[in-house]
Amino acid sequence: MQVEKLVEIINSDFYTGVPDSQLKPLCNYLMNTYGIDPKHHVIAANEGNCTALAAGYHLATGRVPVVYMQNSGEGNIINPAASLLNDKVYAIPAVFVIGWRGEPGIHDEPQHIYQGEVTVKLLEDMDIKSFIISRDTADEEVTAAMEEFRGLLSAGKNVAFVIRKGALTYDGKVKYENHNTMVREEIISHIVKASGEDPVISTTGKASRELFEIRETLGQSHKYDFLTVGSMGHASSIALGIAVNKPKSRIWCVDGDGAALMHMGAMAVIGANKPRNLIHIVINNGAHETVGGMPTVAGQIDFAAAAKACGYPNAVCVDSFEGLDAQLEEAKKRQELCLIEVLCSIGAREDLGRPTTTALENKRNFMGHLKTL
């Protein structure tokens, strides 16, 4: 289905969401049509954030907003959908557009498997009527579904279009880039060299894939790394939990800007607890690059200043490998909570692989390493 037709059928002038690879045609269309415009299109920090923003739009205009997301974001919308939007509370209508990762019968990465199994059931449990769009779904079927949805929306209910892999198409192109020069895989290589045999917790997406491949290339064990393949935004909290319970070991967290923004309160908790053995590195390319390169607001955020405001005693920003190497060594000497923001380009090599070990193998090997520390 052409994404322009879906947008025409839904007939809304406000979209907010968190980008998803299966919704890339929609995301690219919105970027080409609106860019980032608070009146029409906002890429928010997390899906609950989007849902609340959509509620504000409806309260101000009386019109129906659209919230788009990967199905992994359903967990983030449960609270606002159930306790704010629901017709037993404020009866605020919204159309959700949800990319269906991990659909049963379709091969996908392990973090998507269970989420895919419960995607439609979670919507049913939240009293959100859904319609599934496939590659072969006719425009007329979507039009008929939207006509039914309009009656539900007018009653203050929420509805959802669940988008199967390859169901949406868009001929327009968008080029996502920034002016930074450092490449993320090289940045992670420098971190691996500095960290030695210390535990490393890496964020979801390409960062963990690159970390895995770097270990393979160097012939090093994967036992040093916990790859946070799902749970976007929670790698730093995992690292905090480990750091507190392994106080004699230096713990490294390799984070991303989109992930750090998604649950930014984690920085306040880390700063309040001040684990002396935690080095928190935020690789900032200002983009949701793993799912297509759509922008985050991180290009306008000073993570080092935010970390200091949250109580981190040490926080710096670097934009060169010389600066990165110097700060990695300084962080190792300080034995005090540190944050290093690293300004990064957008992009990864085309042949980037995926971990060849299972999530359970990763956990067991990592826990075995932690026991020796």
Side-chain angles (χ1 to χ4, degrees), residues 182 184-229 231 233-256 259-260 266-267 269-271 273-284 303-304 307 312-318 321-342 344 355 357 359 361-373:
M182 301 172 74
R184 186 183 50 247
E185 190 165 4
E186 292 182 52
I187 292 168
I188 296 173
S189 291
H190 282 244
I191 296 169
V192 166
K193 182 178 179 181
S195 63
E197 296 186 349
D198 296 338
V200 178
I201 295 83
S202 61
T203 189
T204 188
K206 289 183 179 177
S208 281
R209 292 165 60 184
E210 288 166 344
L211 176 58
F212 187 91
E213 294 233 329
I214 288 165
R215 296 290 191 195
E216 286 283 291
T217 300
L218 295 174
Q220 296 178 351
S221 174
H222 298 293
K223 68 181 181 181
Y224 306 118
D225 309 323
F226 183 81
L227 310 178
T228 313
V229 292
S231 298
H234 294 302
S236 63
S237 295
I238 296 169
L240 173 62
I242 295 169
V244 168
N245 288 284
K246 290 291 179 179
K248 295 181 180 180
S249 301
R250 187 186 298 113
I251 307 299
W252 302 72
C253 176
V254 178
D255 216 342
M267 289 178 66
V269 176
I270 293 168
N273 285 277
K274 291 181 176 56
R276 298 175 63 86
N277 56 332
L278 178 59
I279 300 173
H280 187 184
I281 302 168
V282 178
I283 301 176
N284 182 2
F303 276 107
Y312 284 61
N314 306 283
V316 296
C317 179
V318 299
F321 284 109
E322 293 78 11
L324 173 62
D325 290 339
Q327 290 301 325
L328 292 173
E329 291 306 312
E330 282 297 314
K332 289 166 68 174
K333 293 175 187 175
R334 282 195 187 103
Q335 296 185 338
E336 197 171 38
L337 173 63
C338 301
L339 179 132
I340 304 172
E341 178 186 7
V342 188
C344 177
T357 56
E361 287 171 337
N362 175 215
K363 183 193 79 168
R364 289 169 185 150
N365 291 337
F366 183 72
M367 289 182 70
H369 178 55
L370 290 181
K371 286 180 181 178
T372 67
L373 302 178

### Task
With sequence neighbours excluded, tell me which residues meet side chain to side chain donor-acceptor pair (under 3.5 Å) with Glu213.
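Glu213 satisfies side chain to side chain donor-acceptor pair (under 3.5 Å) with Arg349 once adjacent residues are dropped.
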
#### Entry: Under the side chain to side chain donor-acceptor pair (under 3.5 Å) test, residues paired with His369 that sit two or more places apart
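His369 satisfies side chain to side chain donor-acceptor pair (under 3.5 Å) with no other residue.
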
### Message
For Lys274, is the NZ atom crowded, meaning more than 12 foreign heavy atoms sit under 6.0 Å from it?
### Response
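Counting other residues, nucleotides and ligands, NZ of Lys274 exceeds 12 neighbours.
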
### Query
Got more than 12 heavy atoms from elsewhere within 6.0 Å of CD, Glu197?
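Atom CD in Glu197 is not packed in, count stays at 12 or less.
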
Taking all atoms of both residues into account, what is the closest heavy-atom pair of [X] and [Y], and its distance?
| X | Y | value |
| --- | --- | --- |
| Ile201 | Ala235 | CG2-O, 3.6 Å |
| Pro275 | Leu240 | CG-CD1, 3.7 Å |
| Ser189 | Ile214 | OG-CD1, 3.4 Å |
| Ala304 | Ala315 | O-CB, 3.4 Å |

In Å and rounded to the nearest 0.5 Å, what is the [atom1] to [atom2] distance from [X] to [Y]?
| X | Y | atom1 | atom2 | result |
| --- | --- | --- | --- | --- |
| Asn365 | Lys363 | CG | NZ | 11.0 Å |
| Lys223 | Thr372 | NZ | OG1 | 6.5 Å |
| Cys317 | Gln327 | SG | CD | 10.0 Å |
| Cys253 | Ile281 | SG | CD1 | 8.5 Å |

### Query
Asp225: what forms a salt bridge (charged side-chain N to carboxylate O under 4.0 Å, His left out) with it, not counting sequence neighbours?
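Asp225 satisfies salt bridge (charged side-chain N to carboxylate O under 4.0 Å, His left out) with Arg215 once adjacent residues are dropped.
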
### Query
Partners of Lys206 by salt bridge (charged side-chain N to carboxylate O under 4.0 Å, His left out), sequence neighbours excluded?
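Expected list: Glu289.
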
Can you find a pair of side-chain heavy atoms, one from [X] and one from [Y], that are under 4.5 Å apart?
| X | Y | result |
| --- | --- | --- |
| Leu373 | Pro199 | yes |
| Asn362 | His222 | no |
| Ile187 | Phe321 | yes |
| Phe226 | Ile251 | no |
| Thr357 | Phe212 | yes |
| His280 | Asp255 | yes |
| Phe366 | Ile242 | yes |

Extract all donor-acceptor atom pairs below 3.5 Å that involve side chains of residues 332-342 and protein atoms in other chains or at least two apart in sequence.
from, atom 1, to, atom 2, distance (Å)
Lys332, NZ, Ala194, O, 2.9
Arg334, NE, Asn314, OD1, 3.3
Glu336, OE1, Asn314, ND2, 3.1
Glu341, OE1, Phe303, N, 3.3
Glu341, OE2, Asn284, ND2, 2.9

### Query
If we ignore angles and hydrogens, is there a donor and acceptor under 3.5 Å between the side chains of Asp325 and His190?
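Yes - a donor-acceptor pair under 3.5 Å links their side chains.
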
### Task
Using side-chain contact (heavy atoms from CB on, under 4.5 Å) as the criterion, list what pairs up with Thr204, not counting sequence neighbours.
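Only Met232 meet the side-chain contact (heavy atoms from CB on, under 4.5 Å) criterion with Thr204.
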
### Residue of the set Leu211, Leu227, Ile188 for which side chain to side chain contact (heavy atoms under 4.5 Å, CB included) holds with Val200
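Single side chain to side chain contact (heavy atoms under 4.5 Å, CB included) partner of Val200 among Leu211, Leu227, Ile188: Leu211.
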
### Message
Taking Val192's backbone N and O only, do any of them form a donor-acceptor pair with Ser195's side chain (distance below 3.5 Å, no angle check)?
### Response
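Flag set: sc Ser195 to bb Val192 pair under 3.5 Å.
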
